[in-house]
Amino acid sequence: MHSWVFWQRRALLSLALAICCLTALSFSSAPLAAQEQLTRSAEPVFVAPELPATSFDAVLAEGSRLESLGRWGEAVTHYEEALRESPENVALQQRSDVAKLHFSLDRRYADRSFVQSVQTLTPQQAAALYLELARKINTHYVTAPRWQYLAQRGAAAVDIGLGETTFCTTNGLNLTKEQRAAIRSELYQLTSRPVNGPDELAAFAAEVARLVEGRCNLRQAATFLEFTAAAAGGLDDYSAFLTADQLRDVYSQIEGNFVGLGVELKADNGALLIVHVIPGSPAQRAGIKDGDRIVAVDGRSTQELSTDEAAAMLTGEEGTAVRVVAETAGQRRELTVRREHVEVPSLEDVKIADPVNGVAYIKIPAFQKTTSRDLDAALWDLHAKGMRSLVLDLRGNPGGLLTAAVEVADKFLQQGGIVSTRGRSAQEDFNYQAHYGGTWRVPLVVLVDGDSASASEIFAAAIKDNARGDIVGQKSYGKGSVQGIFPLGYAGAGIRLTTALFFSPNGQKISKNGVTPNIPIESPRTAAKPIQQPVAIAANVAPGGNTAAKPTTGASELTIVGQDAVLEAGIQAAVRAAQQRLASPATDGAVK
């Protein structure tokens with residue numbers, strides 16, 4: 001099992017997929033009496049009127065528009081943005097969860113490995129897969145699961161599937177409205193049954209599978225797989241069922257390689273917005289840039305496609321090509337991009353950003369398996385080039401491997417805590433401590449923003465709580481949980497399961513709190529101003545107390561920072577920290 005604290009970024013597609021738990025489940029277009037029955041059986045809630053009526057109506061209207069167009073990914077993003085402002089609004093939670101169920105179904109049925117599972121798993125194998133997942137939830141999940149809710153959500157997923165063309169076509173169904181309404185009525189009657197553990201949950205799913213098979217000849221494997229995905233996705237924001245292909249993608253993220261174009265995307269008003277182009281990737285060589293909008297794929301407008309359909313058209317076998325139309329500031333250009341094996345660099349833009357003052361810069365886009373090793377090589381190279389202080393850029397870093405974040409923090413901390421994890425099971429409780437050996441004592445500045453999450457927050461919090469360096473930028477995201485990756489016994493599938501919460505060295509829970517910079521920069525983009533009267537720094541300290549050569553004279557590269565106020569402030573903080581280091585010699589005569 002890998003301890004994985006990756007946030008919401010994927011190698012291909014980046015969409016806001018946070019799952020908000022419901023108190024009462026809402027089936028789409030369900031009979032009112034059935035809804036009332038479920039509401040009465042649920043836990044009581046207090047709903048605070050946080051959104052003005054006109055604002056709330058506008059949010060629901062826009063959500064309905066996206067739903068009617070089948071843009072479920074965009075609908076999920078829309079509802080999640082609204083829920084950040086009104087997290088306790090039950091109506092938004094319900095609409096959001098229904099959108100997630102639709103979106104999840106669309107993604108799975110566009111996944112070849114999942115469709116193969118639907119068509120080849122026997123009822124016994126599919127039932128065993130679901131029971132295995134339920135038992136892993138019972139053993140490893142961070143809190144006690146709400147079994148009744150998971151049963152209801154599974155039934156809702158089946159109901160939604162029976163109304164979706166892709167689901168019905170793939171499973172050979174041709175239901176009338178009357179047939180679907182009758183099945184829905186029977187499903188609602190079943191959901192009132194108490195479900196109090198994994199075995200009862202599996203028994204409930206088996207009864208639903210037999211019911212639906214008897215009413216419309218749906219393969220039991222299809223029903224069990226809907227329950228499986230719904231249970232994993234209904235636990236929290238970050239737990240999820242992983243198809244065989246998705247599980248391979250996760251392992252590729254850990255290893256830092258995959259086959260594709262080398263871009264990260266998100267939905268953007270009927271287009272695909274390029275969030276990031278991986279350096280050296282096929283996309284970069286073809287001329288695709290950060291901020292481009294993909295508006296057509298292989299001759300089809302993205303306006304005519306769902307986000308998943310458009311994104312799926314970009315995937316394919318290694319060596320094949322795809323034609324895209326990229327739009328920048330209203331100007332369109334047609335590009336052909338070859339799908340290739342892409343190595344995701346663990347570090348980007350390693351350089352001496354200010355040679356006069358010896359300020360080094362490294363961007364860590366995510367904490368991968370190779371990050372610690374690659375950082376070692378980069379630090380020694382920068383040390384030889386005159387590094388006097390270091391800026392580590394974690395902006396936009398969504399997380400990665402817990403162990404990688406701990407190893408990187410350990411390079412800069414001589415002693416003290418790094419992070420602690422706490423779960424429902426004692427086997428998830430760990431305290432990670434720094435070790436003295438091999439510690440870099442170079443003055444350190446860490447850049448963060450609202451998209452710095454999870455493993456990057458572990459690192460930033462460790463540096464801040466141990467007073468090891470300055471944190472510059474905006475408050476981080478506040479994703480404070482650890483996920484384990486568990487393979488399942490059938491179909492090559494797996495589950496990403498939240499197993500623990502993590503806490504900073506000072507005992508601060510990161511979840512929903514984030515890391516607050518001690519040098520806040522409210523706006524990341526302002527006019528650039530190079531440092532005036534740069535001061536040459538005399539020495540740097542590497543492991544073992546070695547000093548680097550004095551930098552050669554020359555113009556500071558701060559003038560090329562552009563409009564990045566956070567980076568500018570970080571470099572200034574790094575210069576000050578190096579000056580303070582020199583002004584305060586250690587008692588043994590060495591430079592601190």
Side-chain angles (χ1 to χ4, degrees), residues 7-9 13-26 28 39 42-69 71-104 149 153 233-240 266-270 273 275 307 395-396 398-399 448-454 456-457 473-481 498 501 508-517 520-525 566:
W7 186 38
Q8 300 166 351
R9 193 163 91 184
L13 184 63
S14 176
L15 293 167
L17 298 181
I19 307 297
C20 288
C21 297
L22 302 184
T23 301
L25 183 66
S26 174
S28 56
T39 303
E43 300 172 2
V45 297
F46 171 74
V47 183
E50 297 185 5
L51 282 176
T54 54
S55 174
F56 181 69
D57 290 344
V59 168
L60 294 184
E62 175 61 12
S64 295
R65 185 187 72 83
L66 293 170
E67 292 174 10
S68 67
L69 296 173
R71 295 182 181 171
W72 295 108
E74 292 177 63
V76 169
T77 302
H78 171 73
Y79 289 130
E80 289 308 317
E81 289 175 351
L83 281 166
R84 289 191 191 102
E85 301 297 324
S86 303
E88 302 301 323
N89 190 299
V90 174
L92 281 177
Q93 290 176 0
Q94 292 176 338
R95 289 286 290 270
S96 176
D97 200 62
V98 170
K100 292 182 185 83
L101 287 169
H102 279 278
F103 178 70
S104 175
Y149 165 74
R153 197 172 195 267
L235 292 169
D236 59 38
D237 295 14
Y238 308 105
S239 298
K266 72 176 182 179
D268 182 43
N269 295 322
L273 176 66
V275 176
T307 302
R395 291 176 296 173
V448 297
D449 65 7
D451 289 330
S452 303
S454 202
S456 59
E457 294 177 289
Q474 297 92 45
K475 183 179 178 180
S476 64
Y477 182 82
K479 190 271 184 183
S481 58
T498 298
L501 300 178
Q508 176 73 28
K509 186 167 73 171
I510 302 296
S511 180
K512 313 243 182 244
N513 293 316
V515 179
T516 301
I521 306 296
E522 292 301 324
S523 173
R525 301 292 176 186
V566 174

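Not measured: the values here are computed from a predicted model.
The shortest non-hydrogen separation linking G399 to S454 is CA-CB, 4.0 Å. Of all heavy-atom pairs spanning A453 and Y477, the tightest one is CB-CB, 3.8 Å. Nearest heavy atom pair, residue A91 against residue F56, reads CB-CZ, 3.7 Å. Looking at every heavy atom in both residues, N269 comes nearest to E74 through N-OE1, 3.5 Å. Residues W72 and A99 approach most closely at CE3-CA, 3.8 Å, considering heavy atoms. Contact between Y238 and S481 at its shortest, heavy atoms only, is CD1-OG, 3.6 Å.
In this structure, OG on S452 lies 13.0 Å from NZ on K475, to the nearest 0.5 angstrom. Atoms CD and CZ, from E67 and F103 in turn, are 14.0 Å apart once rounded to the nearest 0.5 Å. In this structure, Q94 CD and N89 CG are separated by 9.0 Å, a value rounded to the nearest 0.5 Å.
Of the possible polar contacts, one joining the Q474 side chain to the I521 backbone as a donor-acceptor pair under 3.5 Å is found. D449 places a side-chain N or O within donor-acceptor distance of the main-chain N or O of G396, the cut-off being under 3.5 Å. Between the side chain of E80 and the backbone N or O of S96, no donor-acceptor pair lies under 3.5 Å. Of the possible donor and acceptor atoms, none in the side chain of S476 sits under 3.5 Å from a partner among the backbone N and O of V448. Judged by distance alone, with hydrogens and angles left aside, the side-chain atoms of Q508 form no donor-acceptor pair with the main-chain N or O of G514 at under 3.5 Å. A donor-acceptor pair under 3.5 Å is formed between the side chain of S239 and the backbone N or O of T498. No side-chain donor-acceptor contact under 3.5 Å links K479 to the backbone of I510.
Contact annotation: the side chain of V59 approaches that of H78 to within less than 4.5 Å [non-hydrogen atoms, C-beta and beyond].
By the side-chain hydrogen bond (donor to acceptor under 3.5 Å, both in side chains) test, S511 pairs with no residue at all, sequence neighbours left out. Partners of E62 by side-chain hydrogen bond (donor to acceptor under 3.5 Å, both in side chains), not counting sequence neighbours, listed by chain and number: R65. With sequence neighbours excluded, the residues forming a side-chain hydrogen bond (donor to acceptor under 3.5 Å, both in side chains) with S64 are R95, listed by chain and number.
Under a 4.0 Å N-O distance rule, the pair D97/R153 qualifies as a salt bridge.
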